[in-house]
Every structure is written in structure tokens, then in C-alpha cells.
Amino acid sequence: MGEAMSAEFDTVAEWTAEVARDLGPDFYTPAGCRGSGNPAALDWLVDELALGAGESFLDCGAGVGGPAAYAVQQRAVEPVLVDPEGGACRAARSLFGWPAAQASASKLPFGDDIFDAAWSLGVLCTVPDQSGLLTELRRVVRAPGRIGLLVFLAEEQLSPQDQPEGNRFPTEASLQQLLFDAGLTIASRVKTADLTEIPEQWQSKMDAVEEALQRRHGHKRPWQLAEEQSDEMGRLLGDGLVTGHVLSLRFHE
């Protein structure tokens, strides 16, 4: 993982948890959702995956753990978190106390058919082995394969220099091929642009976290690198070169 990606998902993850702890428990979940946490997308996935109380649930590439916390609040699932960065795992454990394993998404440390459902949010474009991530999700989730993805797709194939460091955005065609090869199919989908906006109360908490992070760490290189990554992603989305999609997957018959 490159310097900018490591800064965002390792160092800044621990800073985010520190800020959230100082602000209080009401800020934990919004803080943990920085970057992938529109509640409308999470609500859509919770419903489409038909998550239920007591079900085993994997968040692959969980970061600070906010989306998993949201799933627990909505449906009382039993979460397990995986992230390749130690800082993210420590941050998630400190805020929420759930199991958080440091591991590659393309080599999950679990047996076959362990989880009732799983999701991986904003992760596919950041891993070198995209096929491996999807194949591993299919392996560890029980039939019928309730798997959710938040993916960012390039409208046309982008050159490496046109993508933020550590990102490789699939196109619609290459995504379909990746899913087919992994034995997965799209049951339903929605564009992130078509979802309702982040509620004001939620946004105000995220803003408070952001302001505290900027105040404490804005002069430090890891924060600046993470912000540059975020700005570049915002430009690609704003220009329509990349679009966000939320997918509910099942095993391919």
C-alpha cells in the first residue's frame, strides 16, 4: 500500500478514533463512517441483504468500523471486521470492541461458509487483487451469498496517472467480468448519486470530527496526503469520470 493510502487508512484512522472518543459516544459511528458512510447507502444495503439479529456479519476493509456499527444499530448483527492496516483495526477495536483482524481482503483468515452476510465498502478499487477479494467473499459467506459492495466505476478506462495513488477503478464491463469469474451476480443496485443526502444531524457530527482532525493534525504529512486523496476522488466524481454504485450480490446460479 502506498504512502497516501497508508496515511489515510492507518495513521488518520487512529487519529479519527481519538477525536471520536474525545467528542463522545454519539460521534463514534459517524466518525467511523468518514469516506464511505452515507446512511442512505447503509440503509439500502441493510434492507437488500436482509440482515437479521444475531447473524454473523463480515465487514471486509472495515476501516474505523462505522458502517459495521451502523449495521449493529439497525439489525443487531454479530460483526467481525477485517482491514489490512493495523491502525484501522486498533481504532475500530477502541471505539466498538468487536473482533478486528489485520489481514488482506484477498486472503481472509476464515474458513469456508463462516458468515451469513458480508459487505465491502469502497474497497474494490484499492486492492491489487480485485478478483481475489470477490472470490474470498464468496468463499466465506454462506449460500445464497448475501454480499454488499460500494464500488467506484470509471466511465471509461482511466490511465494510472489519472487515478489517486493506490486506486484502480474498474469499468462496468470489467466489474461484470470480475463478478462472473468469482461466481457472483448483481441482485440489485443503486447509484450513490440517486440516494438521499446525508441527514443534517449526521453531517454536523462528521463536520465536528473533521474540524477537530484539521485543528490537531492539519500541519502533518499523513493528514495532508489523505486530504489530497480525498480531493482527487471528489474531482473525479464531480467531473463524472467515476461514479459510485451500491450493489447487492448473490451467488451466480
Side-chain angles (χ1 to χ4, degrees), residues 29-52 57 59-64 66-75 77 117-127 130 133-134 137 144-158 162-164 167-180 182 184-207 209-210 229-252:
T29 301
C33 286
R34 287 181 70 251
S36 62
N38 184 345
L42 302 178
D43 284 333
W44 188 90
L45 280 170
V46 164
D47 288 340
E48 291 293 327
L49 299 179
L51 299 182
F57 175 73
D59 189 331
C60 182
V64 182
Y70 192 90
V72 172
Q73 291 160 11
Q74 299 302 311
R75 296 292 175 89
V77 294
W119 67 31
S120 187
L121 307 181
V123 176
L124 186 68
C125 64
T126 70
V127 296
Q130 295 178 347
L133 180 153
L134 296 171
L137 288 176
R146 292 179 288 154
I147 298 170
L149 293 182
L150 167 62
V151 297
F152 295 100
L153 301 180
E155 293 301 292
E156 297 181 358
Q157 188 66 54
L158 296 173
D162 289 332
Q163 304 181 71
N167 284 266
R168 185 165 55 92
F169 301 110
T171 61
E172 179 68 33
S174 63
L175 173 68
Q176 293 289 350
Q177 188 63 55
L178 284 165
L179 293 173
F180 180 82
L184 298 168
T185 189
I186 298 174
S188 55
R189 67 189 297 169
V190 63
K191 282 189 173 183
T192 56
D194 294 334
L195 295 166
T196 57
E197 294 184 358
I198 295 174
E200 183 177 347
Q201 187 178 28
W202 181 280
Q203 185 65 55
S204 69
K205 289 183 170 64
M206 293 182 73
D207 289 345
V209 172
E210 197 79 12
Q229 288 281 92
S230 178
D231 290 345
E232 179 64 12
M233 190 68 190
R235 182 189 66 79
L236 290 169
L237 290 166
D239 291 345
L241 298 174
V242 170
T243 54
H245 302 255
V246 191
L247 311 178
S248 175
L249 309 177
R250 298 293 184 275
F251 292 169
H252 181 72

Subject >> Residue pair Gln130 / Cys125: nearest heavy atoms and the distance that separates them >> reply: NE2-CA, 3.8 Å
**OP:** To the nearest 0.5 angstrom, please state how far the CG atom of Leu184 sits from the CD atom of Gln176.
**Re:** 11.0 Å
Original post:
Are any side-chain N or O atoms of Asp239 and backbone N or O atoms of Leu241, one a donor and one an acceptor, separated by less than 3.5 Å?
Top reply: no
**OP:** Identify the two heavy atoms, one from Tyr70 and one from Thr29, that lie closest to each other, and give their separation to 0.1 Å.
**Re:** N-CG2, 4.1 Å
Original post:
Would Leu175 and Leu124 count as a side chain to side chain contact (heavy atoms under 4.5 Å, CB included) if you check the C-alpha gap in whole Å, the side-chain angles of each, and the deciding distance to 0.1 Å?
Top reply: CA-CA 10 Å; Leu175 173 68; Leu124 186 68; 3.9 Å; yes
**OP:** State, to 0.1 Å, how close Phe169 and Gln157 come at their nearest heavy-atom pair, and which atoms those are.
**Re:** O-NE2, 4.2 Å
Original post:
Hey, are the side chains of Ser120 and Leu133 touching, using non-hydrogen atoms and a 4.5 Å cut-off?
Top reply: yes
Original post:
Given Phe152, which of Asn167, Thr126, Leu236, Val242 fulfils the side chain to side chain contact (heavy atoms under 4.5 Å, CB included) condition?
Top reply: Val242
**OP:** To the nearest 0.5 Å, tell me how far Ser188 OG sits from Leu49 CG.
**Re:** 8.0 Å
Original post:
Where do Thr185 and Phe251 come nearest, in terms of heavy atoms and distance?
Top reply: CG2-O, 4.0 Å
Original post:
Can you list the steps and then say if Glu48 with Leu247 is a side chain to side chain contact (heavy atoms under 4.5 Å, CB included)?
Top reply: CA-CA 9 Å; Glu48 291 293 327; Leu247 311 178; over 6 Å; no
Original post:
When you measure from the side chain of Asp59 to the backbone N and O of Leu121, does any donor-acceptor pair fall under 3.5 Å?
Top reply: no
**OP:** Taking the side chain as every heavy atom from C-beta outward, state whether Val64 and Arg34 have any pair of such atoms under 4.5 Å apart.
**Re:** no
**OP:** Among Val246, Leu134, Ile186, find the residue that satisfies the side chain to side chain contact (heavy atoms under 4.5 Å, CB included) test when tested with Leu149.
**Re:** Leu134
Original post:
Considering all heavy atoms of both residues, which atom of Glu155 and which atom of Thr243 are nearest to each other, and what is their separation?
Top reply: OE2-OG1, 2.9 Å
**OP:** Work out which heavy atom in Ala40 is nearest to a heavy atom in Thr196; give both atom names and the distance.
**Re:** CB-OG1, 3.4 Å
**OP:** Evaluate the criterion side chain to side chain contact (heavy atoms under 4.5 Å, CB included) for residue pair Gln201 and Lys205; output intermediate values, then yes/no.
**Re:** CA-CA 7 Å; Gln201 187 178 28; Lys205 289 183 170 64; 3.6 Å; yes
**OP:** Look at the side chain of Glu172 and the backbone N and O of Leu153, then say whether any donor-acceptor pair between them is shorter than 3.5 Å.
**Re:** no
Subject >> Among Leu137, Leu249, Leu42, side chain to side chain contact (heavy atoms under 4.5 Å, CB included) partner for Trp119 >> reply: Leu42
Subject >> Full working for side chain to side chain contact (heavy atoms under 4.5 Å, CB included) between Thr192 and Asn38 >> reply: CA-CA 9 Å; Thr192 56; Asn38 184 345; over 6 Å; no
Subject >> Reported CZ-to-CG distance for the pair Arg146 and Leu45, which is rounded to 0.5 angstrom >> reply: 12.5 Å
Original post:
Should the pair Asp47-Arg75 be classified as a salt bridge under the 4.0 Å nitrogen-to-oxygen rule?
Top reply: yes
**OP:** With rounding to the nearest 0.5 Å, note down the distance linking CG in Leu158 to CZ in Arg168.
**Re:** 12.5 Å
Original post:
What is the distance from atom CD of Glu232 to atom CG of Asp162, rounded to the nearest 0.5 Å?
Top reply: 8.0 Å
